[in-house]
Amino acid sequence: MAKKILIIDDEPDILRLAAIRLEASGYKLTEATDSEKALKLLEKEIPDLILLDLLLPKMQGGEFCKKLKSDTRFKNIPIVFFTANVTGIADIVKETGAQDYIIKPFEPEELLSTITKFIH
């Protein structure tokens, strides 16, 4: 069965590029452009991994990650930040409970290798 990934990013081009690469590698994708939409999707289906942008409308990615990690239903889902904001990203990963990060623009090989560290 294909592993499920939820991508949360407000940039349509990034969503499209990541989706093409991940679907070609056999992953099943669900997409959200903000935290509210992501929560609605999480109520319906639990993904195997979440790719989460740091800069989002309504609720920033770091705050959203902390919210998910404090909820027993979602705390074990690996979260990988997907961001162009490199300043302090390693500290943000530690502070929020995320597992890793990928810098945008991303290399397809890096995207896949990071994801396969947490799901395979």
Could you tell me the separation between the CG atom of Leu56 and the CD atom of Glu63, rounded to the nearest 0.5 Å?
10.5 Å
Would you say Glu23 and Leu29 make side-chain contact, with heavy atoms under 4.5 Å?
yes
Joint hydrophobic cluster, Ile102 plus Val93, side-chain heavy atoms closer than 4.5 Å
no
Set out, in order, the CA-CA distance, both residues' side-chain angles and the distance that settles side-chain contact (heavy atoms from CB on, under 4.5 Å) for Glu36 and Met59, then state yes or no.
CA-CA 8 Å; Glu36 287 177 6; Met59 183 186 298; over 6 Å; no
Going hydrophobic residue to hydrophobic residue with side-chain gaps under 4.5 angstrom, can you get from Ile7 over to Leu112?
yes
Considering only heavy atoms from C-beta outward, does the side chain of Lys117 approach that of Val80 to under 4.5 Å?
no
If you define the side chain from C-beta out and look only at heavy atoms, does anything of Leu22 sit under 4.5 Å from Ile115?
yes
Report yes if the side chains of Leu49 and Tyr27 come closer than 4.5 Å at any heavy-atom pair, otherwise no.
no
Taking the side chain as every heavy atom from C-beta outward, state whether Leu52 and Leu68 have any pair of such atoms under 4.5 Å apart.
no
Nearest 0.5 angstrom please: Glu109 CD to Arg21 CZ, how far?
6.0 Å
Report yes if some heavy atom in the side chain of Ile92 is under 4.5 Å from a heavy atom in the side chain of Thr83; otherwise report no.
no
Would you check, one step at a time, whether the test side-chain contact (heavy atoms from CB on, under 4.5 Å) holds for Ile5 with Ile119?
CA-CA 10 Å; Ile5 298 174; Ile119 59 173; 4.0 Å; yes
OG1-NZ distance between Thr30 and Lys4, expressed to the nearest 0.5 angstrom:
8.5 Å
d(Thr114 OG1, Ile103 CD1) to nearest 0.5 Å is 10.0 Å
For Lys104 and Phe82 the tightest heavy-atom approach is CE-O, 3.5 Å
Minimum heavy-atom distance between Gly26 and Ala2, given as atom pair plus value
O-CB, 3.2 Å
Beyond-backbone contact of Leu15 with Thr33, side-chain heavy atoms, under 4.5 angstrom
yes
Residue pair Gly62 / Leu54: nearest heavy atoms and the distance that separates them
N-CD2, 3.8 Å
What are the two closest non-hydrogen atoms of Cys65 and Gly97, and how far apart are they?
SG-C, 4.4 Å
Do Ile79 and Phe64 touch side chain to side chain, with heavy atoms closer than 4.5 Å?
no
side-chain contact (heavy atoms from CB on, under 4.5 Å) between Leu51 and Asp9: does it pass, once the steps are laid out?
CA-CA 8 Å; Leu51 281 176; Asp9 199 307; over 6 Å; no
Consider only side-chain heavy atoms of I, L, V, M, F, W and Y, link residues closer than 4.5 Å, and tell whether Ile89 and Ile8 are in one cluster.
yes
Give, for atom CD of Gln99 and atom NZ of Lys69, the distance between the pair rounded to the nearest 0.5 Å.
4.0 Å
So CD1 of Ile50 and CZ of Phe81: to nearest 0.5 Å the spacing works out to 10.5 Å
Taking the basic N atoms (NZ, or NE/NH1/NH2) and the acidic carboxylate oxygens, is any pair closer than 4.0 Å for Lys37 and Glu31?
no
